[in-house]
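Presented below is the structure to which this report refers.
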Amino acid sequence: MKKRGILIAILLIFGIALFSITEFVLKPRQKEKAERYELEQQDAKTHDFKRVIKYKSKYMGDASNLINLTSNLPLSDIQRTAEINSERLEYIINYKAAAEDIGMDKIKSSLIYNASASFALIENLKIITFNFSDGSYSINRDDVEKWCNMELSDLQDNNKWKENIQSKMHDEVYIDKSFNSLFQMSGARHLTFLLVKKLLIFV
């Protein structure tokens with residue numbers, strides 16, 4: 001009986017220790033890892049492209065598929081609505097925030113990344129317009145394909161995506177050059193951009 005009591009005590013201590021390790025060490029670590037992963041999805045440099053490959057489609061007509069794609073790309077933490085212009089094969093995303101408040105560095109890298117991902121995965125998508133409260137940014141598929149010098153559908157391969165798109169999200173010069181070349185601006189920021197451009201001519 002004494003040995004049995006000792007064995008039960010040992011098993012009880014072991015069970016309590018195992019429970020404590022699980023509850024106070026392993027679970028918090030798993031939660032921290034999951035939170036860190038979700039945070040990484042908001043950054044073009046660390047986004048997991050494999051997460052969105054399942055949304056690839058030859059056609060943009062499935063609105064829920066497009067919305068799910070956008071909900072798993074950078075800027076998905078910004079409240080927004082979406083529209084589809086089927087005649088122009090255009091996807092319009094209306095963010096309920098100002099680009100300046102989000103930060104133009106983040107906006108530039110995110111829009112390049114998101115547009116490239118959307119064109120790569122939705123094969124008949126031609127135009128994307130990103131609307132913010134302080135301006136709009138439009139981009140079309142043909143310009144991106146010329147810029148990348150490749151068929152965007154080839155980027156559905158995760159390794160090609162990393163090599164041709166994501167690896168360049170660390171290069172601020174490349175991002176600025178790409179953004180200025182590929183996006184057409186309208187709204188307050190566009191007027192400011194044109195004004196600054198004109199002033200620079202006289203400097």
Side-chain angles (χ1 to χ4, degrees), residues 26-58 60 62-84 90-123 125 127-139 141 144 147-148 150 152-179 182-183:
L26 297 181
K27 283 188 176 180
R29 284 182 181 174
Q30 289 175 347
K31 184 180 179 182
E32 182 183 349
K33 185 178 179 180
E35 289 174 350
R36 186 168 60 249
Y37 175 80
E38 289 303 322
L39 190 62
E40 288 172 348
Q41 304 319 299
Q42 298 304 320
D43 191 330
K45 295 188 289 292
T46 54
H47 179 265
D48 182 4
F49 184 68
K50 292 188 296 246
R51 179 183 175 121
V52 296
I53 291 177
K54 61 185 176 182
Y55 299 115
K56 68 181 179 179
S57 174
K58 289 187 178 295
M60 62 174 288
D62 185 350
S64 62
N65 186 65
L66 265 176
I67 290 169
N68 284 328
L69 171 58
T70 305
S71 297
N72 285 278
L73 288 170
L75 299 182
S76 61
D77 57 341
I78 308 298
Q79 193 175 5
R80 66 203 174 277
T81 60
E83 308 168 45
I84 292 177
E90 178 184 17
Y91 183 40
I92 304 162
I93 307 170
N94 305 303
Y95 290 99
K96 297 182 178 181
E100 285 287 0
D101 291 342
I102 297 168
M104 286 311 299
D105 288 341
K106 181 175 178 63
I107 288 294
K108 289 177 182 179
S109 60
S110 296
L111 296 194
I112 291 168
Y113 188 94
N114 291 4
S116 300
S118 299
F119 286 136
L121 295 172
I122 311 299
E123 295 184 25
L125 178 59
I127 304 169
I128 306 175
T129 297
F130 301 92
N131 292 323
F132 296 88
S133 62
D134 56 350
S136 297
Y137 306 88
S138 292
I139 186 169
R141 182 187 202 92
V144 178
W147 183 261
C148 295
M150 65 187 303
L152 294 180
S153 57
D154 291 343
L155 295 173
Q156 292 177 5
D157 177 82
N158 188 54
N159 291 327
K160 287 183 179 179
W161 175 262
K162 285 184 176 180
E163 179 185 350
N164 291 281
I165 302 296
Q166 193 160 34
S167 64
K168 296 175 181 177
M169 295 296 102
H170 297 269
D171 187 341
E172 292 181 7
V173 174
Y174 175 85
I175 289 171
D176 281 339
K177 190 175 180 181
S178 299
F179 190 82
L182 295 173
F183 283 89

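This one's a predicted model, so the numbers in the text were calculated from it and none came from an experiment.
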(request) Taking the six-membered ring for Trp and the full ring for Phe, Tyr or His, determine whether the centres of Phe132 and Tyr95 are under 6.0 Å apart. (result) yes
(message) Go through it in stages, so that I can follow the logic: the residues are Ile122 and Asn65, the test is side chain to side chain contact (heavy atoms under 4.5 Å, CB included), and I'd like the CA-CA distance, side-chain angles, deciding distance and then a yes or no.
(response) CA-CA 10 Å; Ile122 311 299; Asn65 186 65; 3.6 Å; yes
(request) Please round to the nearest 0.5 Å and tell me the distance separating atom CD1 of Ile93 and atom CG of Asn114. (result) 7.0 Å
(request) Using only heavy-atom distances, determine whether the side chains of Thr70 and Tyr91 contain a donor-acceptor pair under 3.5 Å. (result) yes
(message) Less than 3.5 Å apart, any donor N or O on the side chain of Asn131 or Ser136 sitting next to an acceptor on the other?
(response) yes
(message) Checking Glu163 now: which residues fulfil salt bridge (Lys or Arg N to Asp or Glu O under 4.0 Å) with it, not counting sequence neighbours?
(response) none
(request) Ignoring hydrogens and angles, tell me if any N or O in the side chain of Gln41 forms a donor-acceptor pair with the backbone of Leu73 under 3.5 Å. (result) no
(request) Would you confirm whether Ser109, through its side chain, and Lys106, through its main-chain N or O, come within 3.5 Å as a donor-acceptor pair? (result) yes
(message) If the condition is side chain to side chain contact (heavy atoms under 4.5 Å, CB included), which residues does Ser76 pass it with, not counting sequence neighbours?
(response) Gln42, Arg80
(request) Just grab all the salt bridge (Lys or Arg N to Asp or Glu O under 4.0 Å) pairs involving residues 41-56, residues at least two apart or on different chains. (result) Glu38-Arg51, Asp43-Lys45
(message) Heavy-atom count check: over 12 atoms from other residues, nucleotides or ligands less than 6.0 Å from Asp105 CG?
(response) no
(request) May I ask you to decide if the ring planes of Tyr174 and Trp147 are parallel, tilted or perpendicular, using 30° and 60° as cut-offs? (result) tilted
